[in-house]
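What follows is a short report on a single structure.
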Amino acid sequence: MTLRRSLLALVLAFPAAAAAQSPAPYQPGLGDLMTMTVQPRHLKLGLAGQEKNWPYATYEGHELEEAFERVAKQVPKWREFDIPQLIAATVKQPLDDLEAAAKASDGPRFDAAYRQLTDACNACHKSANVGVIAIKLPDASAFPDQDFRPPKP
Ligand code: HEC
């Protein structure tokens, strides 16, 4: 019997052995979710605002809001901190303002809301004792393959 066949025979005979071999489902931590789902959307929103690309900024504002909703579900408690409550107390209002400004194509209002959102990211980091994580307005794109300018009519 080849090694492959004997492994197959083993797995068929002992399903528990097969289960033991498959790794536990990947559980991203809060820092992973921030880096994967929150930070890129904050950046893309800033770039869209700089380009006055309101349809895309509306879309991406909604994506960021949903990303926070999933963070709240996935990590309701981080160390001693209540993450859904902190999200509601910090970024929720600026995100609502930002979406309203993008929908209204209101550049100055969007810029103000984006600054408030960025301040709110840092306010939460400070509240959760991770003030070393400092978020700022983006000055360059990390996405050279994406066009943030408004679509040509
Ligand atoms: C509910 C509070 C809260 C809000 C709101 C929040 N963060 Fe975080 N963030 C955290 C905590 C806590 C960590 C540390 C998690 C860990 O170490 O596992 C973190 C980690 C991060 C990290 C990872 C740091 C690194 O360098 O690896 C980034 C990036 C980040 N946040 C970006 C943002 C941005 C951008 C926003 C706003 C759009 C934001 N966060 C809003 C609580 C928050």
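Please read these numbers as outputs of a predicted model, since none were measured by experiment. Atoms within each ligand, like the ligands themselves, are counted from 1 in listed order. In what follows, residues are counted from 1 in the order of the sequence shown.
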Please tabulate, line by line, the atom pairs linking an N/O of ligand 1 to a protein N/O at a distance below 3.5 Å, with the distance in Å to 0.1, or answer 'none'.
from, atom 1, to, atom 2, distance (Å)
ligand 1, 7 (N), H125, NE2, 2.8
ligand 1, 9 (N), H125, NE2, 2.9
ligand 1, 18 (O), G31, N, 3.0
ligand 1, 18 (O), W78, NE1, 3.4
ligand 1, 31 (N), H125, NE2, 2.9
ligand 1, 40 (N), H125, NE2, 2.9

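Dense packing is recorded around CD of E51, with more than 12 heavy atoms of other residues, nucleotides or ligands lying under 6.0 Å away. No more than 12 heavy-atom neighbours from other residues, nucleotides or ligands sit within 6.0 angstrom of OH on Y59.
Ring orientation note: the planes of H42 and Y114 are close to parallel, at an angle under 30° on the 30°/60° scale.
A salt bridge links K92 to D96: one of the charged nitrogens lies within less than 4.0 Å of a carboxylate oxygen.
Here the closest heavy-atom approach between residue F81 and residue S127 is recorded as CE2-O, 3.3 Å.
Atom CG of residue L64 and atom CD of residue Q39 lie 11.5 Å apart, to the nearest 0.5 angstrom.
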